[in-house]
Every structure is written in C-alpha cells, then in structure tokens.
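Lettering follows sequence order; numbering is per chain, from 1.
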Amino acid sequence: MTANDHNSHSPINPNTLPNFATMPNVATMDTTHVDKNQPPFILVDGSYYLFRTYHALPKTMQNSQGLVTNAIRGTLNALLKLMRRYHPTHMAVCFDTKSPTFRHAMSEEYKANRPKMDIELAEQIPYIHRLVTALGIPLLRIEGAEADDIIGTLAYRAVAEGHHVVISTGDKDMMQLINDCVILEDSFTGKMTDSAGVVEKFGINPEQMIDFLTLMGDSSDGIKGVPGIGKKTAKDLLNEYGNIDNMLKNVANIKGRAGKNLLEYADDIPMNAQLATIVTDLEVGQDWQDLKINTDPCAHINELRELYSELEFRNELASLDHPNHPANGNGHGTQSVAHSQADAESQAQIAKSLQSSTIGDITDSKIHDRAWHTILDESAFDNLVQLLASAPHFVIDTETTSVYWRQAELVGLSFAVQAHEAYYIPLTHALEGDELIAKQLDRDTVLARLKPILENPNIGKIGQHLKYDAHILSLYDINLLGNIHDKPNNWAMDTMLASYVINAAITRHGMDDLARHYLQTQTISFEDVAGKGAKQVSFDQVAIDIASDYACEDADITYQLFDLFSKKLADDTNNAKLLHELEIPTAEILCQMEANGILIRRPFLNELSKRFDEEIIALEKRAYEVAGEEFNLGSPKQLGEMLFDKLGVVGGKKTKTGQYSTGEAVLSKIDHPLVDITLEYRGLSKLKSTYTDALDNVADAKTDRVHTSYHQALTSTGRLSSTDPNLQNIPIRTATGRLIRQAFIAPEGRVILAADYSQIELRLMAHFSGDKNLTHAFNEGLDIHAATAAEVLGKEVAEVTATERRNAKAINFGLLYGMSAFGLAKQLQMSRSEAQDYIDMYFERYPGVKDYMINTRASAYEHGYIETILGRKLYTPDINHSNRMVKQGAERAAINAPLQGSAADLIKLAMIAVDKVLPKEQAKMLLQVHDELVFEVDADKVDEISQLITNAMQDVLTATAVEKGWNVNFAVPLLVETDSGQNWDEAH
DNA sequence: GCATCATCTTA
DNA sequence: GTAAGATGATGCG
C-alpha cells in the first residue's frame, strides 16, 4: 500500500467500545529508547486547522469563482511551516469524518450542540484533502474514529518504535498525549507546549490531563464534568489527591460544593472520563513505517500546479518553480504566504518557543561565541572593578525583586563593557537548595566598591530604561543620576529613549522588543526564568546560574543596542540632540519627581469615600424602585436591557457587540428618571473607585505621599503617560470632581503652585500655519475662542454670545484633532451640512490653517513621518493603509501629531529650564500634566519662585532651545499662567 | 486568571 | 475628530 492511500482503512464500528483498561498511556510510557537526533514524526490535527483558520481568517479570501479559500490557505500554511521547520521524513495529516464514533454511541449529548458546518467551509474540505495528498503527505480519515484517536494511536506507535513526535494542534485535549518525547505545536499561533508547558498552563501534569478534563467537562463537546468544579478547583484537587480515584476514596475530606457534587455525580465520572480519553490502540490497519512523506519532487507537481491554479494561489504557483519549494522535499523554500503580518507574528512566536525546547533538531538559539561570567569570588570582582573603573563607558543593569522601584530590593547587578561579553554579580539570591547562594559576595561591600565608579561623571553609563536603575541605586545611596545628563557629550545612553527618539512607532521600546526588532534576537523572557501569572516568583528565587544567563543577556543586548543606536545617531545629529539634550535630562528630572511624590489628605479622601458610598447606595435604591426590580446599575448591559426592553424607552442604539449603548452621549438625550439616577450613580462610583479609594490605597503608609510612575517611551507623539496611579487625569471639570483635587496638598509651610501653558496647541497651530488672523489674535492677546467666533461670524468680539463662543471653541479643538464635518456635527449636535458650512466659513477666514492641514497630510504621505518643532520625527505607518477608515484615522493623527508632539517637546524643555533655576531647598517639582507643571514651594517664597518658573517656561524657545542649538522663530508669544493655594484645586 | 468591552477621567 | 489609563462587568478557556 502507498502512503497516500487514505481510503483503504476499514471503518471502525462505533458500537464497539474501546477497551480502556488495556489501552496504552502515552503520557506515562517509557521513552528511554527514543533517539532525539532523528527528525520527529509529525502528526497534524487537520480538523483543528480547518476550523481554526476558517474562523480566524477573513472570508474575503476567495478565488474569482467565489470559492472561499481561507481554510485552505490557513491549513496549507500550517503544513508548509511544519515541513520547513522539521524536514520530517514521517508525517500524517488526520481528519475527522462525518460518521458517528463510539463517543456518540456512549452519550447522546456528545457534540450534540455543534451547529451544522458552514457551506463555505464544507466546500473547502475536498480541496484540502487533495492538497495534502499532492504535497506528498499521508492523509488519514477513518470512519468511526476521530482525528484525535488516530493521532493518539500513531503517537503511541511512533514513540514505541523510537521516534519522537510533534503533534500539530491547538486542542488542549491533546495535552494528555504529552511526554518527554511528544510535544504539541500550534502552527497557527506558533505556541508550543511540552510537559512543562502543561504544568505552566494548568498547574497539572500531562498524565493528569484526562482526569482534569473529566472534572471540568467541556461544554462545546457536550461533556458535562462535575458541576462547581472548574479549572482552578480541578487543579487544586488533582494536586492534593493525584487522581480522581483517590479523590473519591477521600471524598469525605473534600469540603464544600466540590465534595458534595463529586459524590453526587460520581456515577457520571467513568463515562465522562472515557469521553475525554483519546484512544491509543485503534485498529488503523496500517503500520507507521508507511507514513513516509513522498519526497519525489516530480510525483505530484502537476496536481499541485493544477490545484494552485484553480485556487488562484499565485505565489504558491510561482514557488513551484523554485528549486527549494518544500513540496520538493527540501525544507528551505521561500515563504509564500498571503498574510505576511499574521505570519511574521507567528514566526516570531515560533522563534520564541524554540528557545525552551530541546527536542530533535529544534535549535537552541543561544549563541555560543560569547563570554558571560558570574562573579562569585573576590578576585573576579576585583578584576571587574578594574575593568569598569578604566572603561570610558559601560552598560549597567540592576536585577531586583519588583518592577515597582519603591517595592524593589536589589538582587544582583550586571555589566558589559563590550558586545558579547557580560558579567553578573549575584548578591541576594535565596533559592533554597541552590548551592551557589552561599558563594555570593556581600551586597554592601560590593556596592561600596562600585559607588565611586557609578557616581563618576567621567565614566559614561549605558542602560535600558536607566530611570529605573537610578531609582534602585538611590535606594542604596548611590547617585547614578549625574552620569545621565551632566555629561551629555560622553557616551551615556538610555537605549529605550534612543529607540523612542529614532522611531517611536516602529516597535515598542522594551528590551525584548528592541532585541527582536533591531538585533533579530529573541531574548530569554522574564517569564522563562521566573514563571508567569500567580506562579511567578521574584528574581531572588531564581537559581543563580539561570539568573546569570538572563542578566548577562540583558547587559549584552543593551551593549549591542548601544552600538547600533550610536551609529544611527551619528547619522542624524538632531536625533542625537533630542536624546542627549531633551529626553535623557527629562528622564533625570522625572526620576526626582517620582521620588518626591505629592502629599494627599488621607482623612479627607476617606471622608469623601464614605459620602460617595452613601449616595451611591441611595441612588441604587431609587433605581430599583423606578425599575421595579433589583439589577446591577453598574452593568451597561443590564442597564440597557432594563431601559430599552423592560421599561420600553425608545431611542436605544446598539454597539458593535450587539448590546445597547448606554454611554453618556446617548443617555443624556433621554428624558427618564432612571437616566438621571444612572448618570449621577456613574459619576460618583467613578470618583470613588478610581480616585478616592485608589489614591488612599497607593499612598505611602508613612509619608502619605503618592508616587506616580511616568512612562517616557510610550506615546506616539512624545507625550508622557502616568500610571500607578495615573495623576494626569485627576478630575477638574465638575464641582464634585474638584473635591478630589482638593485632596492634593502641600505640607505645612508650603503651598501648591501650578503653572500651565495657555492654549499651547493652538499657538503652535498659529506658528506652523503662519495664518495671519490666528497669529494676530494671539499677538493681540485676545480671547481666542471669542475671536474665532467673531471672525467667522463677521462681528465684533464684544458681541459674541456664549453659544457662539462655545461653538467656536469646539471648532478650534476640532482643528487640532484633524476634524471632519461628521465629528464636529456630533460634538455640536447639529446636522452634517451645518457643520460643513461652519468649517467652510472657518477656512475662508483662516486660509493658512487650511493650508496647514493640506501640507501636513502631504508631508505624511511624502516622507512617512511629520516633524515637531524640535525636529522630532513622528512616523505615520498607517498613512497608506488599505483600510479606508484606518487610513483616514492616520491622516487625522498626522494633523494632530505636530501640535501635540511639539507641545510635548516644549514642556520637556520647560522642565529642564525650570529644574535648572529652581531653588531645591525651597521648592520641588512634583507633577507634569502635558501642558502644566505642579510644584510645592515654601509659602513665603511663592511670588518669587512663581516668577522664576513663569520666566523659564515662557523663554524656552528664546533661551533654552537656543542654548541647545535649536533656533525657532516662534510666531506668537508663549503665555504661562500660574496660581497657588493650599491644594491643587486652589492652585488651578 | 486573563483579555476585552464599555465607560469615564484628563490634556 | 488627537493622545492617554483605570475600572467593573463580561466572556473565554
């Protein structure tokens, strides 16, 4: 029989039950004889790829005959990937058939609720079968057996015969087949799962998988499981009792619902277990040796050609003439994939999964031409100290117990003075049983020796996200900060900020992202060494040899990035200037601001929480009365159903997910008592949960100060963002909201001082557009929104009504946001054509602004980026996107980016300028909120310092920028407004 | 337990 | 119409 003779199997009688007692168990079988150096036996779960790719890939993939081809493509890509990766000699693709199996005979509910297969999918199946055969891969379908069972059987036989096995599937049920020599690989997502992967994912061993599935059940397959036992309980029970038999023996000891139900449903367990068990001794009537790939390049080439032509897979067709097409039995073919983006992502994931795998020819991607050292004795440390002290610059990286610097303790330090060589000094690792922990050098001794080097401004410090390391070192009384910006001309560099300045959009700026993007290297992830989720341990619980690899890699990669970015910056002096004169100095100031924190009034916040809570409860009660029943007022879904279905309110609109929209914009148009109650309820619960409760939780227990964390390499425009907590969105618009602001105070003898740029983005618009009317209004010091209304309506500023000013304000903001008539109409609640008329009138009066819009858009198309006032390039990758909506979104972002981005540049300059003149004993900079800086200052020095700050901020373009070599002739004045008071509300 | 949605807060 | 982050509810596995 030939390998592809897939119709030759005798059907399996669905009424003959497998003998579960004698069935071999793949997870526990002996694997000592398996030769891991041979290519693996590949078993593909064809049915999985069929369904997965059909639902995941767009149905718009069709040939000219209207045949949907997404599942064909998806499955083909999975197969080609496997062949390229493993160069297998033995492989089989298994499919389910429509006929019933023993599971259907056992349980009426088994897969009973599966909807009928879509016709668009059914049509693709014959093509997929033909394709598999034409690729020379054995195809297996057996009446009365599921693909799982064929795979289970073949996996057992293959391992028994000395092969290791890769099962290509995304079905978690198959995890019961995993052992030392059998792994799962989902070729669609790139995810690989070995034994450790099962433990990581579910907290149990592969051999416990059947019991796990039996307890949990599977609603999509119609397997019930034990009610009340989900993933978590099943895991806990299995960890305690090992298996279900043992659980039942000790069922009296199992408390609560789990124990009760286990007893009550004990009779169902055997059947559910059998439904969940993959058969491993099917009568397949075929020996595994027959499942060889047909490697004759000419065998099926004509069939393939015909298929690809009919399907209109042009790239695949062309690649048939390429000598390395995988169908020719050679695993190095060119990629021929329709979804380059999705594919690139899954490739990256595959690359990642390769790291941890040790099976077969899956390569360990660690490079070996490198020297990574663990420093565990005095003389090695002496040598390192010598090396660092005499280096012009070096990479430093701290390893700690937490990503939050305020909770972190130092665990070790890594260094690099050149690429491919790195040192790790473990200091406080404490993993029980790790023999190396006793050899660690003393932390304080090491730090004392390093302090003069780390504080030496003449030795450049290089790091990835140095602000973090600076925070950590400052906890140990080491001041790294001076080295970051006091010597802007040395080699000091923050690779995260360098990447951000060079191109903020091309990748995120974490070290893993940078290594992947710029060095084509997949780093050891933190999760690889410390686990993830609830099971993650802190770094001091990682074994020193593993930790050392991780830490050395970090330092090594950082050095390599430093080399690469240094070259890029040498070619672009403005980028170099942005890094050294703007971002790195800003980082140092942010470090101080974060360390300062801002004082809050805890008792006041607690009092507010209590008050809000009482009002919330009263509102809930009223809502239940109006509704006639209790429901969750905080659930948009339940509220929508109550309002529009049960209470019959008209005007309900649905969101894209099919539920009613209950956003503020919709509700405020409805006249109904429940709406008023809801809006008030939402306002108060927002304030309570997001602000009064949250701030109290994060404030330092001893000092009552709140320390936010600023992210400097995140936004697409150059703005900062603030997290944990976000102090850039503290309420201000409503009176109740402002109560929160009143909780931010200055200590005794000091006041809060706030300084903000007035209308900075509109001033930038005036500058960039050069528009005469706009420039004139700012130069005359007019109320800009009133001036706009007067100009557009052709009347005097004094005659402008409140509504006219409000509309003008909306259009001014709209301009900054790349406005459309549609958007303006929605904002002003007018018709689209009215909005369009208004916009037309505006552009007639402000032609320069119209030109700015056109020119900025054009620049984005021409260069792929726009520039801010300091020449920061902000890339606009979606400007040529094939989706019209996405493309238009990118156009609006491009129009906004120079304005928002330039404002971000200016406030960073302002922070640098202010920091330089601020008397540190009398004032501290605390917060930055995009166009505002918040300080606490000695009460008796407020006027003086306020003037100092105002001057520094207003003069950034005429003084600070010029000193640093940026010469900008700004078209309008920069105006700063300051105020001060006991709290942030009074200061605003 | 983790991701996504809907909502609301800021500049 | 731009740029963010946090929360509770909900859905998935």
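Nucleic acid contact for L687(A): none, since no nucleic acid atom lies under 4.0 Å from a heavy atom of the residue. Base contact: A810(A) has a heavy atom under 4.0 Å from a base atom. At a threshold of 4.0 angstrom between heavy atoms, the contacts of S820(A) include nucleobase atoms, whether or not backbone atoms are also involved. Within the nucleic acid shown, S685(A) has no heavy atom closer than 4.0 Å to any nucleic acid atom. Within the nucleic acid shown, Y691(A) comes within 4.0 Å of sugar-phosphate atoms alone, with no base atom in reach, counting heavy atoms only. The residue L815(A) sits apart from the nucleic acid: no heavy atom pair falls under 4.0 Å. Counting any heavy atom pair closer than 4.0 Å across all strands shown, R892(A) reaches sugar-phosphate atoms only and no base atom. Note on Q827(A): a base of the nucleic acid sits closer than 4.0 angstrom, heavy atoms only. At a threshold of 4.0 angstrom between heavy atoms, the contacts of L899(A) with the nucleic acid are absent. At the heavy-atom level, R682(A) lies under 4.0 Å from the strands shown only through sugar-phosphate atoms.
Atom CG in D931(A) sits 8.0 Å away from atom CE in M953(A) (nearest 0.5 Å).
Between dT9(B) and R733(A), no contact under 4.0 Å exists linking OP1 or OP2 to a side-chain N or O. Put simply, S716(A) has a side-chain N or O that comes within less than 4.0 Å of OP1 or OP2 on dA4(C). Between T715(A) and dA4(C), a side-chain N or O to OP1/OP2 separation shorter than 4.0 Å is absent. Checking the phosphate oxygens (OP1, OP2) of dA6(B), no side-chain nitrogen or oxygen of T662(A) falls inside 4.0 Å.
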Expected string for nucleotides 6-13 of chain C under the B/S/- scheme (protein heavy atoms, under 4.0 Å, primed atoms plus P, OP1, OP2 as sugar-phosphate) is BSSSSS-B
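Residues T657(A) and T655(A) bring a donor and an acceptor atom of their side chains to less than 3.5 Å of each other. Between the side chains of H711(A) and T723(A), a donor-acceptor pair is found at a separation under 3.5 Å. Under the 3.5 Å distance criterion, with hydrogens and angles disregarded, a donor-acceptor pair is assigned to the side chains of T788(A) and N812(A).
A salt bridge between D905(A) and R872(A) is present, with a side-chain N of the basic residue lying under 4.0 Å from a carboxylate O of the acidic one.
The distance from atom NE2 of H988(A) to atom P of dT10(B) is 11 Å, rounded to the nearest whole Å. Distance L684(A) CG to dC8(B) P: 13 Å, rounded to the nearest Å. Distance, K688(A) NZ to dT9(B) P: 17 Å, rounded to whole Å. The nearest whole Å value for the distance from the CD1 atom in I730(A) to the P atom in dT9(B) is 12 Å. One can place NZ of K653(A) at 12 Å from P of dT7(B), the figure rounded to the nearest angstrom. Remark: P of dA11(B) and CG of D931(A) are 7 Å apart, rounded to the nearest angstrom. Between L643(A) atom CG and dT7(B) atom P there is a gap of 12 Å when expressed in whole angstrom units. Taking atom CG of residue L874(A) and atom P of nucleotide dT2(C), one finds them 16 Å apart after rounding to whole Å.
Of the candidates D148(A), D171(A), D186(A), Y48(A) forms a side-chain hydrogen bond (donor to acceptor under 3.5 Å, both in side chains) with just one, namely D186(A). For the side chain to side chain contact (heavy atoms under 4.5 Å, CB included) with Y852(A), the qualifying choice from L899(A), L774(A), L815(A) is L899(A), the only one to do so.
The base of dT10(B) lies outside donor-acceptor range of the side chain of Q728(A), with no N or O pair under 3.5 Å.
Checking side-chain atoms of Y660(A) against main-chain N and O of Q638(A) turns up no donor-acceptor pair under 3.5 Å.
The aromatic rings of Y817(A) and F813(A) sit tilted, their planes meeting at an angle between 30° and 60°.
For Y817(A), the side-chain atoms get nearest to dG1(C) when compared with the rest of dT10(B), dG1(C), dC8(B). Nearest nucleotide to the side chain of P731(A), out of dT2(C), dC5(B), dT10(B): dT10(B).
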